[in-house]
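Read the structure below first, then the notes.
Numbering of residues begins at 1 and proceeds along the displayed sequence.
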Amino acid sequence: MNRNYEFSERSQGFINGTHTIMQRLCKEALFIANTRKMHCPDFGISRGRSSTEDQLALYAKGRTAPGAIVTNCDGVKNRSVHQDALAIDFYGYVNGKADYSDGVIALIATCFMEAASNLRINIDWGGSFKSISDGAHIEVILWEEPN
């Protein structure tokens, strides 16, 4: 089964701004989504690398700006992995519109987890976060060698 989904220009632009490891992960996840026997919905990328200003604005939501709190990272004292180009946010694309329902997000997350396993990349899925659940978030974990 090959459905030949492709990332939109917008999604690809977000991916292009990320670390090359994240770019490989996204490409592999899309390949898995296109070829897996279990249904995995089409998906897009809604956020990639963030500037400090973008992160501050996101941190303000639910604090000094309208909306719900979505992050504990202010971008200054507590940097986001988005600022290091090691994270993406994604969404399902079902019946012609964005879909953030738990089931759709979980199916897509499994594509990313399988892709990470195939590429031997360590990732963390926002759906497993303890402080703020962020199911539509994937981040690459880079391990530094101890001195």
Quiz prompt | Residues that S46 engages under side-chain hydrogen bond (donor to acceptor under 3.5 Å, both in side chains), provided they are two or more places apart | solution = none
Quiz item: Can you list the residues that meet the side-chain hydrogen bond (donor to acceptor under 3.5 Å, both in side chains) rule with N78, with sequence neighbours excluded?
Solution: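 Here no residue qualifies.
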Minimum side-chain heavy-atom gap [X]-[Y] below 4.5 Å:
{"X": "T71", "Y": "S80", "answer": "no"}
{"X": "N122", "Y": "V140", "answer": "no"}
{"X": "I123", "Y": "M113", "answer": "yes"}

Let me check something: any side-chain donor-acceptor pairs from residues 96-106 under 3.5 Å, sequence neighbours excluded? List them with distances.
| from | atom 1 | to | atom 2 | distance (Å) |
| --- | --- | --- | --- | --- |
| D99 | OD1 | S101 | N | 2.8 |
| D99 | OD1 | S101 | OG | 2.7 |

Exercise. Any salt bridge (Lys or Arg N to Asp or Glu O under 4.0 Å) involving residues 109-123? Give me the pairs, sequence neighbours left out, ordered by first then second residue.
Key: R36-E114
Exercise. Sort and list the pairs that fulfil salt bridge (Lys or Arg N to Asp or Glu O under 4.0 Å) and have at least one residue in residues 69-90, not counting sequence neighbours.
Key: R47-D89, R79-D84
Which atom of [X] lies closest to which atom of [Y], heavy atoms considered:
{"X": "W125", "Y": "I138", "value": "CD1-CD1, 3.7 Å"}
{"X": "I121", "Y": "I21", "value": "CD1-CG2, 3.6 Å"}
{"X": "P41", "Y": "V94", "value": "CB-CG2, 4.0 Å"}
{"X": "L25", "Y": "A116", "value": "CD1-N, 3.5 Å"}
{"X": "C40", "Y": "C111", "value": "SG-SG, 2.8 Å"}
{"X": "G75", "Y": "T52", "value": "O-CG2, 3.7 Å"}

Sequence neighbours excluded, which residues qualify as side-chain contact (heavy atoms from CB on, under 4.5 Å) partners of [X]?
{"X": "S8", "value": "R10, S11"}
{"X": "E6", "value": "none"}
{"X": "A87", "value": "V81, H82, H137, E139"}

Quiz prompt | Pairs where residues 17-31 contributes a residue and the test side chain to side chain donor-acceptor pair (under 3.5 Å) is met, not counting sequence neighbours | solution = E28-N118
Quiz item: Going by the ring pair (Phe, Tyr, Trp, His ring centres under 6.0 Å) test, which pairs reach into residues 40-61, not counting sequence neighbours?
Solution: F7-F43, F43-F112
Quiz prompt | Donor-acceptor contact below 3.5 Å, side chain T35 vs main chain F31 | solution =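 Present.
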Self-check item: Stepwise side-chain contact (heavy atoms from CB on, under 4.5 Å) test for K61 and I69
Solution: CA-CA 5 Å; K61 285 187 177 182; I69 291 176; over 6 Å; no
Practice problem: Measure the CZ-CG distance between F90 and L30 for me, rounded to the nearest 0.5 Å. | Solution: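 Taking CZ in F90 and CG in L30, the distance rounds to 13.0 Å.
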Practice problem: Nearest 0.5 Å please: distance from the CD atom of E53 over to the CG atom of L58. | Solution: 13.5 Å
Quiz item: Other hydrophobic cluster members with V76, side-chain heavy atoms of Ile/Leu/Val/Met/Phe/Trp/Tyr under 4.5 Å, chained?
Solution: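 Members other than V76 - counting any ILVMFWY side chain reachable under 4.5 Å - are L56.
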Exercise. Tell me yes or no: between the side chains of Q83 and S51, is some donor less than 3.5 Å from an acceptor?
Key: no
